Amino acid sequence: MADSDPPANGPPAEAFAGLFRVTETDVDGGQLRYYGEPLVDSRRLERRLWPLFRDQGYEVRLTSESNSEEDPFTGIEIDRTRHVLVATPHSTGIDGIPWTNVAFALLTVLSTLVAGARWYGTIDTVGDALVDPMAVLAGWPFALAVLSILGVHELGHYVLSRYHGVDASLPYFIPLPNVIGTMGAVISMRGRMPSRKTLFDIGVAGPLAGLVVACIVTLVGLGLPPVPTPAIPIEFNYPLLVQWLADLTGQPIDYPAGMSVNPVVFAGWVGMFVTFLNLIPVGQLDGGHLVRAMVGERQATVGALVPAALFALAAYLYYIQHAAFNAVFLWVFWGVFTMAFAYAGPATPIYDDALDTKRVLLGFVTFGLGILCFTPVPFELAL
């Protein structure tokens with residue numbers, strides 16, 4: 001349909017009086033579309049209409065559409081931009097078996113098993129897994145540890161999303177045939193953030209939950225026996241948190257030549273490195289969400305400084321510390337990466353009221369824990 005009548009199950013146009021002048025409505029694949037002209041600024045419009053649509057079971061967003069029409073007299077194509085309120089059915093449940101999530105999870109189990117087997121020395125290369133597939137099963141402690149950390153991190157986000165009624169996908173694990181076996185995991189946030197409180201709670205839940213598991217994994221790994229040094233040309237440097245846990249348990253993290261700490265400790269290192277990267281305060285990263293919730297629109301200033309800080313770190317390592325090229329390249333890469341995140345910006349909550357003091361303090365504690373997971377040169381290639 002495409003007329004000026006209200007779409008089925010949607011709020012009537014009269015409900016937008018003084019806010020949005022409706023000229024045309026449409027239904028497209030379950031979405032309700034109200035075309036017209038805003039009568040107030042976009043932030044005020046969404047704040048006023050969001051509860052109205054939510055009561056009807058929809059999430060609403062103001063956007064614009066461009067199309068071209070042929071002038072009936074001249075035949076010239078004329079571009080036209082129209083404002084439109086797009087209402088999407090609101091849902092926080094799981095619709096059927098998430099086969100894509102399951103498939104990616106199984107592939108990541110396989111890729112982390114292969115990576116673990118390399119760390120335990122039962123295979124030397126990824127290709128060896130094709131020659132002796134059963135040898136990869138030896139990597140299960142490493143695979144279990146890595147997947148537990150990543151899974152709990154993303155489930156922390158997912159559980160708080162469900163708690164606050166924000167639509168989110170289940171975790172997607174990302175398989176990759178590297179020394180870790182994965183590029184991590186993500187969830188897709190499909191719903192709008194109602195408030196800064198919601199944005200903060202969902203953003204902070206992942207890093208804290210994942211870091212707890214990373215610490216447990218590290219403690220377990222420190223208690224396991226060392227293994228012969230694997231044929232992987234890479235050396236890892238430990239952040240303060242791993243060193244403190246080793247001091248706490250009285251277990252070594254450095255061994256004589258030919259022996260290495262158990263790969264489960266490396267899995268804990270992975271979890272802490274991932275936690276630090278996620279807490280970089282820019283854009284859609286967890287740290288970007290936390291800063292947006294803590295300081296509001298001033299987050300844009302913080303986000304703009306992040307790439308400069310990472311480029312400065314890379315320059316310091318190159319010119320002052322004469323660090324290995326891979327360490328310099330890592331932070332240059334993340335500097336470029338965070339430029340894109342800063343441009344995209346974080347999620348914008350519908351209601352922008354300030355956070356309470358407890359959450360602000362928890363935010364500072366979380367960033368403090370993130371610093372304990374940082375090391376300027378996380379790894380060095382031994383080529």
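This structure is a prediction, so every number in the text was calculated from the model and none was measured.
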Side chains of Glu380 and Asn237, donor plus acceptor under 3.5 Å: yes

Any donor-acceptor N/O pair, Thr375 side chain to Pro239 backbone, under 3.5 Å: no

Polar side-chain atom of Asp128 near backbone of Thr125 as donor-acceptor pair, under 3.5 Å: yes

His153 backbone acceptor or donor facing Tyr158 side chain under 3.5 Å: no

Check: Asn178 side chain, Gly181 main-chain N or O, donor-acceptor pair, under 3.5 Å: yes

Donor-acceptor pair between Thr182 and Thr112 side chains, under 3.5 angstrom: no

Test item: Tyr172 side-chain N/O and Phe104 main-chain N/O as donor-acceptor pair under 3.5 Å: no

Any side-chain heavy-atom pair of Leu32 and Gln56 under 4.5 Å: no

Phe379 and Phe273 aromatic ring geometry - parallel, tilted or perpendicular at 30°/60° bounds: perpendicular

Heavy-atom side-chain contact between Met193 and Ser161 under 4.5 Å: no

Check: Tyr238 ring centroid to Trp269 ring centroid under 6.0 Å: no

Test log, rule ring pair (Phe, Tyr, Trp, His ring centres under 6.0 Å), inputs Phe16 and Phe53: CA-CA 11 Å; Phe16 310 156; Phe53 278 90; 5.7 Å; yes

Check: Thr198/Ser195 side-chain N/O donor and acceptor closer than 3.5 Å: yes

Heavy-atom side-chain contact between Ile280 and Trp334 under 4.5 Å: yes

Side chain to side chain donor-acceptor pair (under 3.5 Å), paired with Asp167, selected from Arg192, His90, Arg162, Arg190: Arg190

Donor-acceptor pair, side chain of Trp119 and main chain of Val179, under 3.5 angstrom: yes

Check: Val84 and Ser64 side chains under 4.5 Å, non-hydrogen atoms: no

Salt bridge present between Glu37 and Arg82 (N-O < 4.0 angstrom): no

Arg61 atom CZ: more than 12 heavy-atom contacts under 6.0 Å: no

Heavy-atom closest contact (Ala185 atom, Phe173 atom, distance): CB-CD2, 3.9 Å

Residue Trp50 excluded, over 12 heavy atoms near CH2 under 6.0 Å: yes

Aromatic ring proximity Phe142/Tyr120, centre distance under 6.0 Å: no

Transitive ILVMFWY side-chain link Phe325 to Leu330, under 4.5 Å: yes

Arg48 atom CZ: more than 12 heavy-atom contacts under 6.0 Å: no

same_hphob_cluster(Tyr316, Trp331) at 4.5 Å side-chain heavy-atom cutoff: yes

Heavy atoms from other residues, nucleotides or ligands near CZ of Phe367 exceed 12 (cutoff 6.0 Å): yes

Taking every non-hydrogen atom, the tightest pair across Val136 and Ala117: CA-CB, 3.6 Å

Heavy-atom closest contact (Gly271 atom, Ile149 atom, distance): CA-CG2, 3.6 Å

Heavy-atom closest contact (Ala327 atom, Ala323 atom, distance): CB-CB, 4.5 Å

Tyr163 atom OH, neighbour heavy-atom count above 12 within 6.0 Å: no

Working for side chain to side chain donor-acceptor pair (under 3.5 Å), residues Ser260 and Thr229: CA-CA 5 Å; Ser260 297; Thr229 301; 2.9 Å; yes

Within 6.0 angstrom of Met339 CE, more than 12 heavy atoms from elsewhere: no

Under-4.0 Å salt bridge between Arg44 and Asp41: no

Residues 212-222, side-chain donor-acceptor partners within the protein, below 3.5 Å, at least two apart:
unit_1, atom_1, unit_2, atom_2, d
Thr218, OG1, Ala214, O, 2.7

Parallel, tilted or perpendicular: rings of Phe333 and Phe337 (30°, 60°): parallel

Asp201/Arg359 ion pair, N-O < 4.0 Å: yes

Contacts under 3.5 angstrom, residues 288-312 side chains, donor-acceptor by atom type, not counting sequence neighbours:
unit_1, atom_1, unit_2, atom_2, d
His289, NE2, Gln284, O, 3.3
Arg292, NH1, Asp352, OD1, 3.2
Arg292, NH2, Asp352, OD2, 2.9
Glu297, OE2, Arg43, NH1, 2.9
Arg298, NE, Val295, O, 3.3

Single-linkage hydrophobic cluster Leu211~Leu362, side-chain heavy atoms < 4.5 angstrom: yes

Asn262 (side chain) donor-acceptor with Val265 (main chain) under 3.5 angstrom: no

Atom of Pro194, atom of Val166 and distance for their closest heavy-atom approach: CD-CG2, 3.8 Å

Asn101 side-chain N/O to Leu170 backbone N/O, donor-acceptor pair under 3.5 Å: yes

Atom of Leu176, atom of Met183 and distance for their closest heavy-atom approach: CD2-CG, 3.3 Å

